[in-house]
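Side chains are part of it too, since the values below use all heavy atoms of this structure and drop only hydrogens, waters and symmetry mates.
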Amino acid sequence: MEDPVVPFDLVRMLLGDAPPLFLAEILVRVLVIYGYTLLLLRWIGGRSIAQLSMVEFLLVIALGSAVGDSVLYPDVPLLHALAVITAVVVIDKLIDLAIRRFRPVKRIVDGSPVAVMQDGCILTQGMLDRKIGTMELMELLRMEGVENLGQVRAAYVEASGGLSVFLREPPCPGLAIVPPLEIEPPAPPEAGEPAGCLNCGKPAGQIGVPCAACGETRQARLSLAPAA
């Protein structure tokens with residue numbers, strides 16, 4: 001029968017059951033694994049490190065498991081860990097080459113850009129495809145310096161997850177997103193004023209009628225972006 005675990009046993013918590021000399025072995029293991037992994041990542045190139053697509057996330061998870069186990073556990077041989085790391089990196093390299101040579105593979109692995117805005121209006125289908133919310137998109141637009149949806153001619157969520165914004169000159173009346181709607185809700189429209197959907201910014205055909213694009217019933221006054 002195994003000995004019961006003694007709570008708050010400082011020796012067990014700090015050193016475990018391994019002999020103190022195992023700390024030196026851990027240092028050697030870290031140097032070997034770190035150096036070998038660094039060489040393989042240099043061989044992969046910059047794409048896998050910079051973009052971190054779905055395949056690269058899997059690479060990070062797999063490498064983290066192989067590296068962590070081989071560094072911490074004395075019963076994991078270094079050669080086994082090096083073999084796992086090599087296999088994971090080679091598979092990633094093969095996928096990278098396939099992405100560069102075959103366009104269908106790139107669409108399957110990395111995905112394609114999706115339009116999320118057109119002429120000052122948020123495209124609800126593009127938002128559903130990318131599984132992002134209106135408030136999240138407005139936050140990304142503000143980070144690009146956009147104060148009013150009417151400034152945007154087109155916006156795309158790229159395959160890498162970044163947002164590409166193309167401004168419209170001159171801007172059209174649109175939904176103001178500065179200050180954020182969560183802080184200061186926009187003024188409701190009055191009779192004779194341009195009104196739009198509070199969710200997607202689409203101009204309203206008639207005040208009080210649900211939006212034809214997203215079905216939202218809330219409306220707001222549309223305005224022009226302030227002059228620079």
Side-chain angles (χ1 to χ4, degrees), residues 33-70 79-146 149-169 174 177 197 199-202 211-216:
I33 295 295
Y34 183 88
Y36 185 73
T37 307
L38 180 61
L39 290 176
L40 290 181
L41 291 180
R42 290 279 295 175
W43 177 59
I44 291 176
R47 174 187 174 277
S48 296
I49 305 304
Q51 293 186 6
L52 280 183
S53 65
M54 180 178 63
V55 174
E56 276 68 53
F57 274 118
L58 293 176
L59 172 68
V60 171
I61 293 172
L63 286 180
S65 177
V67 170
D69 291 349
S70 61
L79 287 181
H80 293 186
L82 297 180
V84 171
I85 294 172
T86 303
V88 169
V89 171
V90 168
I91 291 173
D92 181 81
K93 189 67 174 180
L94 292 175
I95 293 176
D96 187 39
L97 292 175
I99 287 174
R100 295 175 184 273
R101 293 191 178 188
F102 306 105
R103 186 170 298 177
V105 176
K106 177 175 176 57
R107 286 198 299 267
I108 293 173
V109 175
D110 284 343
S112 303
V114 174
V116 292
M117 281 200 67
Q118 185 72 38
D119 294 328
C121 300
I122 296 175
L123 304 178
T124 53
Q125 185 58 51
M127 303 285 285
L128 290 174
D129 291 342
R130 275 300 183 179
K131 296 180 176 59
I132 61 175
T134 300
M135 296 304 175
E136 182 180 355
L137 177 62
M138 291 181 180
E139 176 186 352
L140 295 174
L141 291 170
R142 286 192 293 269
M143 294 174 66
E144 295 292 331
V146 175
L149 297 186
Q151 296 176 260
V152 180
R153 175 168 57 88
Y156 303 90
V157 176
E158 303 292 348
S160 62
L163 182 69
S164 299
V165 180
F166 300 90
L167 300 181
R168 175 174 177 162
E169 291 294 343
I177 58 174
C197 174
N199 181 56
C200 69
K202 183 179 178 62
C211 176
C214 66
E216 177 64 56

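Contact detail for I177 and V146: the closest heavy-atom pair is CD1-O, 3.7 Å. Nearest approach of I122 to M138, heavy atoms of both residues: CD1-CE, 4.3 Å. Looking at every heavy atom in both residues, C197 comes nearest to C200 through SG-N, 3.4 Å. Residues R168 and V152 approach most closely at CB-C, 4.2 Å, considering heavy atoms. K202 approaches C121 most closely through the heavy-atom pair CA-SG, 3.5 Å.
For the pair R153 (side chain) and Q118 (backbone), a donor-acceptor distance under 3.5 Å is absent. In this structure a side-chain-to-backbone donor-acceptor pair under 3.5 Å is present from R130 to E158.
Note that CE of M117 and CG of L123 are 7.5 Å apart. Values are rounded to the nearest 0.5 Å. Here CG of D129 is found 9.5 Å from OG1 of T124. Values are rounded to the nearest 0.5 Å. A distance of 10.5 Å separates CZ in F166 from CD in E144, rounded to the nearest 0.5 Å. Here the straight-line distance linking atom OG1 of T134 with atom CG of N199 works out to 4.0 Å at 0.5 Å rounding. The CD atom of Q151 lies 8.5 Å from the CD atom of E169; values are rounded to the nearest 0.5 Å. Rounding to the nearest 0.5 Å gives a distance of 11.0 Å between CD of E136 and CG of L141.
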Can Y36 and T86 be said to form a side chain to side chain contact (heavy atoms under 4.5 Å, CB included), step by step?
CA-CA 9 Å; Y36 185 73; T86 303; 2.3 Å; yes
Mind running side chain to side chain contact (heavy atoms under 4.5 Å, CB included) on V116 and L163 for me, showing each step along the way?
CA-CA 9 Å; V116 292; L163 182 69; 4.0 Å; yes
